[in-house]
Amino acid sequence: RVQLVESGGGSVQAGGSLRLSCAVSEYKSDTGCLAWFRQPPGKEREGVAAINSGGTTFYADSVKDRFTISQNNAKNSLALQMNNLRPDDTAMYYCAARTPQYCSRTHWPKEIFGDWGQGTQVTVSS
């Protein structure tokens, strides 16, 4: 199974930035997908951004133009650069892996991801 460990969460004021990292091991598929999800208090887990092994990226409408997902060439590190943070970005953030299939542009629900990290908390104050 793919092992995932998130880091980089914290507290920041609105308008600030944070960079989340996810250490990825045993991710050996050439046709997989890594993603960031978040779960605000009392709400469902929702997709934030995803990246296929080939580098294609997808974003939730709520984070487009503010967040950037990236992976290194070895595919053992996943990052989420979050700029212009808002209070409604407050959530537990999780990285997730799907192998051996890609994510599609319009369909990457949490149910298709088989491996998850433990999460890292992001809190944005107004």
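Source: prediction; values computed, not measured. The figures that follow rest on heavy atoms only: side chains count, while hydrogens, waters and symmetry mates do not.
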- [ ] Applying side-chain contact (heavy atoms from CB on, under 4.5 Å), run through R19 and S70 and close with a yes or a no.
- [x] CA-CA 11 Å; R19 183 177 179 86; S70 60; 4.0 Å; yes

TODO: May I have the step-by-step check of side-chain contact (heavy atoms from CB on, under 4.5 Å) for F58 and N52, ending in yes or no?
DONE: CA-CA 9 Å; F58 315 115; N52 281 333; 3.6 Å; yes

Open item on the list: Between T68 and Y59, does the side chain to side chain donor-acceptor pair (under 3.5 Å) criterion hold? Intermediate values first, please.
Closed with: CA-CA 8 Å; T68 303; Y59 294 93; 4.6 Å; no

Open item on the list: Using the rule given for side-chain contact (heavy atoms from CB on, under 4.5 Å), can you reason through M82 versus S17, listing the C-alpha separation, both sets of side-chain angles and the distance that settles it, and then say yes or no?
Closed with: CA-CA 5 Å; M82 305 186 295; S17 299; over 6 Å; no

TODO: Under the side-chain contact (heavy atoms from CB on, under 4.5 Å) rule, what do C33 and W108 come out as? Steps first, then yes or no, please.
DONE: CA-CA 9 Å; C33 174; W108 40 284; 5.5 Å; no

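Of all the heavy atoms in G10 and L18, the pair that sits closest is O-CD1, 3.9 Å. Between P87 and S125, the shortest heavy-atom distance links the atoms CG-C, 4.4 Å. Listed here is the closest heavy atom pair of S126 and A14: CA-CB, 4.3 Å. Between Q121 and A91 the shortest heavy-atom distance is NE2-O, 3.4 Å. Taking each heavy atom of I51 and Q71 in turn, the nearest pair found is CD1-CG, 3.8 Å.
The distance from atom OG1 of T123 to atom CG of L85, rounded to the nearest 0.5 Å, is 10.5 Å. Atom CG of N83 and atom CG of D65 lie 11.0 Å apart (nearest 0.5 Å). One distance of note links SG of C95 with CD of E6; it measures 3.5 Å at 0.5 Å rounding. Once rounded to the nearest 0.5 Å, the distance linking CZ of R66 with CG of N84 reads 6.0 Å. Rounding to the nearest 0.5 Å places CE of M92 at 9.5 Å from CD of Q118.
Residues V5 and L80 are members of separate hydrophobic clusters, defined by side-chain heavy-atom contacts under 4.5 angstrom among Ile, Leu, Val, Met, Phe, Trp and Tyr. No continuous path of ILVMFWY side-chain contacts below 4.5 Å connects V48 to W116, so the two sit in separate hydrophobic clusters.
Between Y27 and N76 there is no side-chain heavy-atom pair separated by less than 4.5 Å. Contact annotation: the side chain of K75 approaches that of S53 to within less than 4.5 Å [non-hydrogen atoms, C-beta and beyond]. Annotation: side chain of I69 is in contact with side chain of L78 (closest heavy-atom distance under 4.5 Å).
Judged by distance alone, the side chain of T31 and the main-chain N or O of Y102 form no donor-acceptor pair under 3.5 Å. Checked by atom type and distance alone, the side chain of T90 pairs as donor or acceptor with a backbone atom of V124 at under 3.5 Å. Side-chain N or O atoms of E46 include none that pairs as donor or acceptor with a backbone N or O of Q39 at under 3.5 Å.
For the pair R45 and Y94, the cation sits on the ring face: its NZ or CZ lies under 6.0 Å from the ring centre, inside 45° of the axis.
Residue R38 forms a side chain to side chain contact (heavy atoms under 4.5 Å, CB included) with just one option from V122, D89, L20, T120, and that option is D89.
Residues N72 and S77 have side chains that never bring a donor and an acceptor to within less than 3.5 angstrom of each other.
Ring pair F113/F37 is perpendicular by interplanar angle, where above 60° counts as perpendicular and below 30° as parallel.
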